[in-house]
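In the text below, chain A, chain B and the rest are named by the order of the sequence lines, each starting its count at 1. Quantities reported herein were computed from a predicted structural model and do not represent experimental measurements. What you see below is based on every heavy atom in this structure, not just the backbone, and it leaves out hydrogens, waters and symmetry mates.
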Amino acid sequence: PAAGPVPAVTPKMAAYEKRRAGTAPSGGQAVGSEAEFLLRSGVTAMVREALLKVLEARPEEPVSFLADYFERLVLGGPAATGDAAAEPTGPPQRLARALWYVSLAHHSHRTAFDSNTGAAYEVLGGGGRRRAAGVDGRLYSELLRSICQHGEAPAEAAAALLRRVRCRDHEAVPFDVFRYGVLTCFVLLEFAAKADALFAVLDGGSGAADARVCQAVLRALEEALGFGHVTQPRRYLEAGSRLGPDGLALAMDRALQERKLSGSMSREEFLKKATALFVAKVKPVE
Amino acid sequence: MGVLVWGIPALLWGVLVWGMPLPVQEIVFKNFYTAFLSVRVQRPGPSGSRRWVTSLRDLCLMPCPHTEQGAQDYFSLHRNQMLCDMDQVTAVRFILRQPSPVWLQFSIEELQIFPPGQKSPQKDFPSWLSQLTPPEQPASLHGLPDPEKVSTEVQQMWVLTEVIRTRQAAARIGRFDVSSTILLRASAWLHCQGSLPEGLLLAGWGFGVSL
């Protein structure tokens with residue numbers, strides 16, 4: 001705002017004037033008007049924002065990532081164009097926006113993931129017009145549930161995980177707890193995908209794997225996870241030796257040698273047992 | 001026993017002296033930016049005199065003295081590595097050299113000298129470390145799923161669980177969980193102690209309510 005009583009040039013006009021002055025001697029009118037158009041229509045800001053998101057998330061398929069990004073911008077309402085920080089109003093919109101934020105970057109890009117989670121937390125918490133309501137247990141649980149649904153997690157495992165990290169509806173959720181909850185959901189999705197891939201190896205494409213072999217592999221994983229009490233480098237080495245190809249081959253061979261009734265295990269059962277191992281390692285919210 | 005260290009830059013001496021001649025089996029220490037180590041030991045010579053003998057000459061601890069490799073590693077010198085007999089040692093002198101000007105200070109730390117009977121703790125390796133390939137191998141891999149592929153997937157599942165472990169939330173909700181029995185007891189207690197001053201009542205609550 002200018003100091004004088006006379007309305008001064010607006011920022012937009014100032015930028016336009018400046019740009020024109022800067023480009024006039026060299027480029028002429030055409031370049032100035034193109035740049036001015038991009039600036040005025042918000043394309044510059046929008047593309048910059050999109051590029052920043054790509055850099056943050058470093059997706060494997062940038063084109064589909066960008067397509068998704070712009071699609072969501074459009075779905076976010078006309079107010080959202082060019083400014084991803086525009087405030088969505090109702091709880092469903094806020095939830096959708098928060099879900100979008102947290103799924104932008106993979107959790108292994110730790111900084112990007114944490115900052116996106118922060119943005120989601122703010123979007124969810126900024127409820128009322130006058131005061132920031134904060135995130136309560138109900139919104140938090142809803143977000144976690146929709147993450148699991150969106151990623152098509154096995155329902156039973158998702159429910160077990162939610163029971164572990166949920167907060168009560170009236171409780172105010174601190175950011176750290178929120179971040180951990182969101183992270184566990186995403187890791188669960190990935191874990192379930194890995195377990196699925198593992199089952200595909202175990203069953204060799206037949207749809208049902210030997211129950212003894214499945215049990216042996218799961219037992220090896222459970223034992224490796226059981227070294228939680230020992231210090232870090234040793235824990236890694238210990239797990240590495242147990243879960244190496246040699247160790248696993250031996251465990252599977254032993255399981256097959258046992259003269260037990262050989263049943264088969266279905267994909268669902270295997271996923272259930274595997275994800276149960278994971279959920280048991282999630283620290284409950286207290 | 002203590003290490004006396006004096007010296008000029010790039011060269012340090014440390015002497016470890018004990019009264020009577022003792023056998024030495026193993027010397028264990030942690031390096032701190034020393035590039036080369038020589039060890040001389042003092043042994044009883046003829047007619048009660050004592051002689052200094054070189055038992056290790058310029059052992060390379062850091063392959064490239066300007067860089068970090070080996071700078072903070074643990075080393076164990078076994079008596080087989082020594083140039084002289086280590087049966088009757090009365091003193092040990094460590095000569096540390098660091099030709100690189102990059103490191104202003106260097107030394108050796110956590111020095112331990114073991115007599116023959118005693119095993120250094122590093123020897124108690126778990127079996128998975130001393131036998132990198134398991135002693136027994138399955139008779140045949142026929143009929144088994146590909147162990148390489150199984151191992152890849154299982155290890156990734158393990159890593160994901162580890163992610164959850166290492167990125168745990170530090171914050172707590174700070175929930176008050178008051179079980180009904182404790183509540184009953186607390187209220188009964190409050191009832192009995194109703195005439196006591198306020199401070200004590202609060203103490204009673206602190207006891208009855210679990211955070």
Taking all non-hydrogen atoms of both residues into account, name the closest pair between [X] and [Y] and its distance.
X        : Y        : result
A:Val201 : B:Pro145 : O-CB, 3.8 Å
B:Arg165 : A:Arg235 : CD-NH2, 3.6 Å
A:Lys194 : B:Met157 : CB-CG, 3.6 Å

From CA spacing to verdict: salt bridge (charged side-chain N to carboxylate O under 4.0 Å, His left out), B:Arg167, A:Asp176: CA-CA 10 Å; B:Arg167 292 173 69 181; A:Asp176 207 28; over 6 Å; no

Main-chain N/O of A:Leu243 paired with B:Gln155 side-chain donor or acceptor, under 3.5 Å: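 The answer is yes, because a donor-acceptor pair under 3.5 Å joins these two groups.
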
Supply the atom-to-atom distance [X] [atom1] to [Y] [atom2], rounded to the nearest 0.5 angstrom.
X        : Y        : atom1 : atom2 : answer
B:Asp146 : A:Leu248 : CG    : CG    : 11.0 Å
A:Thr184 : B:Ile164 : OG1   : CD1   : 5.0 Å
B:Thr161 : A:Lys281 : OG1   : NZ    : 8.5 Å
A:Leu221 : B:Glu153 : CG    : CD    : 12.0 Å

Criterion ring pair (Phe, Tyr, Trp, His ring centres under 6.0 Å) on B:Trp158 and A:Phe278, from CA distance to verdict: CA-CA 9 Å; B:Trp158 180 83; A:Phe278 171 80; over 10 Å; no

Part of B:Thr166 lying under 4.5 Å from any heavy atom of chain A: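 Side chain only.
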
Heavy atoms from other residues, nucleotides or ligands near CD of B:Gln81 exceed 12 (cutoff 6.0 Å):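 For B:Gln81, atom CD is crowded (more than 12 foreign heavy atoms under 6.0 Å).
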
